[in-house]
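Below is one structure, written out as structure tokens; the observations come after it.
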Amino acid sequence: MSSKRHILTAVAWPYANGPRHIGHVSGFGVPSDVFARFQRMSGHDVLMVSGTDEHGTPVQVLADQEGVTPRQLADRYNQVIVEDLVALGLSYDLFTRTTTGNHYAVAQELFTGLYDNGYIFTRTTKGAISPSTGRTLPDRYIEGTCPICGYDSARGDQCDNCGNQLDPIDLIEPRSKVNGEVPEFVDTEHFMLDLPAFAEVLGTWLTSKSGQWRPNVLKFSLNLLHDLQPRAVTRDLNWGVPIPLEGWSDNANKRLYVWFDAVVGYLSAAVEWAKRTGDPDAWRRWWQDPEAESYYFMGKDNIVFHAEIWPAMLMGYSGIGDRDGGAGSLGALNLPTEVVSSEFLTMEGRKFSSSRRVAIYVRDFLERYSADALRYYIIAAGPETQDTDFTWAEFVRRNNDELVAAWGNLVNRTISMAAKYIGEIPEAGDLTDDDRRVLDHSRAAFAAVGEHLDRSRFKAGLQEAMRTVAEANKYLSDQAPWALRKTDPDRMRTVLHVALQLVDDAKTLLTPFLPASSNKVHTMLGGTGMWSVMPHVEDAVDTIGGDGEPTTYQVITGDYAASQARWESVPVRPGTPLSAPTPLFTKLDPAVADEEVARLENAVK
RNA sequence: GGGGCGGUAGCUCAGCUGGUCAGAGCAGCGGACUCAUAAUCCGUGGGUCGCGGGUUCGAGCCCCGCCCGCCCUACCA
């Protein structure tokens with residue numbers, strides 16, 4: 001902890017086919033931000049990157065349905081998602097998108113490197129295409145009668161009635177879910193990533209992570225090694241990154257498969273970030289220094305890409321694997337230090353489902369409640385190691401009893417008293433054993449909470465931080481400074497000094513979780529300047545969609561180095577003027593829970 | 001079908017490599033206090049740890065079988 005580390009915080013790329021719901025941000029968003037903020041406060045060099053994932057069939061299909069181009073659709077949802085993530089206070093160094101010229105170039109470079117080293121080969125496969133467009137028709141978009149049970153709405157990949165896995169070519173009377181036409185099964189040539197060539201190196205690497213990663217991620221990944229198959233990296237589609245090979249690059253209907261380019265985003269975003277800082281090689285400190293660390297945050301549905309496929313791509317590009325060959329022109333690239341996957345959030349007992357509108361969108365949520373209230377709930381009750389259920393009643397309860405009653409009220413009662421009785425932060429007189437003990441505990445909490453956060457145990461970290469809040473409330477009850485006011489004013493001043501110090505420490509401990517409210521407390525305690533810098537939206541310029549003209553788009557970034565926040569107890573300064581505080585959080589009427597559930601029921605109808 | 005994860009007090013969840021591990025918070029009940037967004041503090045009842053076997057001196061924690069939920073199964077990021 002003493003030396004400065006380079007820590008890449010790689011956050012899953014939200015797919016730009018709609019607004020994101022609170023399940024999404026509880027998986028990748030809030031935990032990664034808590035981690036990044038904590039590491040920055042600890043003095044480390046953090047690079048936190050992500051962006052919207054905008055290619056692929058789902059975007060294309062949705063765009064067709066709405067009568068817009070995929071690019072227009074991606075633009076729209078990129079914008080929505082950027083606004084939501086900024087509103088949540090997620091401190092990306094760069095949140096960009098996969099449709100930039102920079103991203104195209106880096107994705108193609110990865111492809112080329114893998115190809116040159118012999119890890120990508122072509123294979124002719126039988127695939128369904130839409131006869132009217134010539135595009136790949138994914139299995140899930142094909143419907144027909146199940147050859148096994150006769151169910152007439154079986155999907156191409158699986159029959160929902162009998163549960164059997166299917167091959168779309170076996171469906172009786174297959175039809176496209178997109179437009180009803182009969183799909184055509186044609187021979188089509190695709191590039192494949194030779195995953196089996198990495199089985200051994202992946203196994204060695206994964207095994208070395210034993211005891212470090214969350215066990216479910218590790219077990220799951222190791223198990224996948226038993227049956228690695230080559231995986232297609234191209235599709236018949238014109239919405240995506242062109243294939244950078246002679247004879248293929250101008251094929252309008254053959255593109256890199258969306259997963260391939262999306263996962264390269266972690267690297268391309270780092271490169272883009274470096275260019276923006278004016279030091280184009282700056283990204284190398286996080287990707288090529290052997291001491292640098294990288295943490296990837298995502299939901300459990302993405303483990304295979306982050307613990308298996310992306311590492312294989314990095315190895316292949318770097319010249320590690322069954323076949324020899326050197327590193328590509330960027331040089332060898334670091335493998336993930338840790339893949340931090342969270343489980344899923346359900347919603348009042350049901351799965352989130354955008355199509356059935358069983359969802360609470362980030363935007364709707366933040367219109368009515370604060371970002372910190374949501375952040376608090378996600379960390380305190382979110383799906384860190386197992387699926388958890390979001391209920392409005394529990395949200396209201398946590399907000400009212402924990403945020404408002406415990407923390408908000410501690411801030412309020414302490415500063416109120418100090419402001420009313422003294423008007424400034426008082427000097428401490430002689431400290432009693434009780435004073436010293438509670439101050440020691442508070443200081444010790446930095447190591448305890450920090451240990452949890454460094455190991456991505458956010459729930460435990462928050463609990464530990466909130467314990468100091470409870471201790472401070474107890475301290476006030478025990479010492480009763482309001483009663484000392486008449487009997488022993490000097491002692492009262494000491495008690496309030498100690499209490500204010502506890503509040504200040506708790507504010508620091510809670511900063512990674514609740515940055516906006518910690519900033520408020522900083523100000524209330526007479527602090528000036530910016531305690532913990534929040535992200536902002538900024539214009540960037542690049543070519544978009546791979547075609548010529550440079551365009552302006554918006555990115556999330558921030559000058560986080562300007563933050564004063566450090567992971568340590570800082571003595572409060574006696575004499576600092578204090579004024580009556582304003583409430584830190586809003587208490588919610590319990591009726592809110594019923595209203596929100598009703599709103600959800602109506603949406604479902 | 002195969003694989004992964006989970007099923008612990010009324011509710012939401014902790015319990016890492018088997019031996020105070022039967023816990024926390026909330027809700028309930030009783031009390032204290034009044035500085036504070038009626039907030040806070042103290043005390044207290046409550047569980048056959050999904051079901052059935054097994055290993056062990058000892059098992060929520062290990063093994064086997066079953067039931068239920070969720071996720072993945074590589075063409076819904």
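Each chain gets a letter, A, B and so on, in the order the sequences are listed, and its residues count up from 1.
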Listed nucleotide nearest any side-chain atom of [X], set [options]:
{"X": "A/Ala262", "options": "B/rA36, B/rA74, B/rA77", "value": "B/rA77"}
{"X": "A/Glu402", "options": "B/rA77, B/rC71, B/rG25", "value": "B/rG25"}
{"X": "A/Gln229", "options": "B/rC35, B/rC75, B/rA74", "value": "B/rA74"}
{"X": "A/Lys300", "options": "B/rC35, B/rC70, B/rC5", "value": "B/rC70"}
{"X": "A/Ala405", "options": "B/rU40, B/rC75, B/rC26", "value": "B/rU40"}
{"X": "A/Lys459", "options": "B/rU12, B/rA14, B/rG4", "value": "B/rA14"}
{"X": "A/Trp482", "options": "B/rC33, B/rC71, B/rC75", "value": "B/rC33"}

Plane angle bin for A/Tyr377 and A/Phe390 - parallel if under 30°, tilted between 30 and 60°, otherwise perpendicular: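 Plane angle over 60°, so perpendicular.
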Indicate the ring-plane relationship of A/Trp392 and A/Phe395, choosing parallel, tilted or perpendicular according to the 30° and 60° boundaries.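 Perpendicular: the ring planes of A/Trp392 and A/Phe395 meet at over 60°.
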Using a 4.0 Å heavy-atom cut-off, does [X] contact any base of the nucleic acid, only the sugar-phosphate backbone, or nothing at all?
{"X": "A/Arg397", "result": "sugar-phosphate"}
{"X": "A/Leu584", "result": "base"}
{"X": "A/Val304", "result": "nothing"}
{"X": "A/Arg235", "result": "base"}
{"X": "A/Pro583", "result": "base"}
{"X": "A/Asp401", "result": "sugar-phosphate"}
{"X": "A/Tyr421", "result": "sugar-phosphate"}

Pull up the glycosidic torsion of B/rG60 and say syn or anti, syn being anything within 90° of 0.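 Syn conformation for B/rG60.
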Base B/rA39 paired with A/Asn409 side chain (donor-acceptor, <3.5 Å):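 No pair found.
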Which value, in whole Å, describes the distance between the [atom1] atoms of nucleotides [N] and [M]?
{"N": "B/rG4", "M": "B/rC63", "atom1": "P", "value": "11 Å"}
{"N": "B/rG47", "M": "B/rC51", "atom1": "P", "value": "15 Å"}
{"N": "B/rU8", "M": "B/rC42", "atom1": "C1'", "value": "28 Å"}
{"N": "B/rU12", "M": "B/rG7", "atom1": "C1'", "value": "14 Å"}
{"N": "B/rU40", "M": "B/rA36", "atom1": "C1'", "value": "8 Å"}
{"N": "B/rG19", "M": "B/rA38", "atom1": "C1'", "value": "46 Å"}

Return all side-chain donor-acceptor pairs below 3.5 angstrom for residues 302-309 of chain A, not counting sequence neighbours, or 'none' if the list is empty.
residue  : atom : partner  : partner atom : Å
A/His306 : ND1  : A/Asn302 : O            : 2.9
A/His306 : NE2  : A/Tyr266 : OH           : 2.6

Under-4.0 Å salt bridge between [X] and [Y]:
{"X": "A/Glu471", "Y": "A/Arg467", "result": "no"}
{"X": "A/Glu596", "Y": "A/Arg368", "result": "yes"}
{"X": "A/Arg493", "Y": "A/Asp490", "result": "no"}
{"X": "A/Lys459", "Y": "A/Glu464", "result": "no"}

Using a cut-off of less than 4.0 Å, is there contact between a side-chain N or O of A/Lys587 and OP1 or OP2 of B/rA38?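 Checking B/rA38 against A/Lys587, no side-chain N or O comes under 4.0 Å of OP1 or OP2.
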I want to check one thing: is the phosphate of B/rC75, taken as OP1 and OP2, less than 4.0 Å away from some side-chain N or O of A/Arg231?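 The answer is yes; a side-chain N or O of A/Arg231 sits under 4.0 Å from OP1 or OP2.
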What side chain to side chain donor-acceptor pair (under 3.5 Å) pairs are there with at least one residue in residues 472-487 of chain A, not counting sequence neighbours?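 Pairs touching residues 472-487 of chain A that pass the test: A/Arg413-A/Asn473, A/Asp435-A/Tyr475, A/Lys474-A/Asp478, A/Gln479-A/Arg491.
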Using a heavy-atom distance cut-off of less than 4.0 Å, which residues of residues 461-478 of chain A contact RNA chain B?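 A/Ala470, A/Asn473, A/Lys474, A/Ser477 - these, ordered by number, are the residues of the stretch whose heavy atoms sit under 4.0 Å from the strand.
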Where each residue is assigned the nucleotide of RNA chain B containing its nearest heavy atom, which of A/Leu410 and A/Arg398 is assigned the position nearer the 5′ end?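 Mapping each residue to its closest nucleotide by heavy atoms, the 5'-most match is A/Arg398.
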Base-pair map of RNA chain B as dot-bracket, where | denotes pairing with a different strand and pairs are Watson-Crick or G-U under 3.5 Å: (((((((..((((.........)))).(((((.......))))).....(((((.......))))))))))))....
Taking side chain to side chain contact (heavy atoms under 4.5 Å, CB included) as the definition, give me every residue that meets it alongside A/Asn238, ordered by chain and number, with sequence neighbours left out.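 Partners of A/Asn238 under the side chain to side chain contact (heavy atoms under 4.5 Å, CB included) test: A/Gln60, A/Arg135, A/Asn253.
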Would you find a donor on one side and an acceptor on the other, under 3.5 Å apart, between the side chain of A/Ser442 and the backbone of A/Val438?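 The answer is no, because no donor-acceptor pair under 3.5 Å joins these two groups.
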For A/Glu402, check side-chain hydrogen bond (donor to acceptor under 3.5 Å, both in side chains) against everything at least two apart and list the hits.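 Partners of A/Glu402 by the side-chain hydrogen bond (donor to acceptor under 3.5 Å, both in side chains) criterion, ordered by chain and then number, come out as A/Tyr376, A/Arg397, A/Arg398.
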How long is the line joining OH of A/Tyr257 and P of B/rA77, in whole Å?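 It is 7 Å, rounded to the nearest whole Å.
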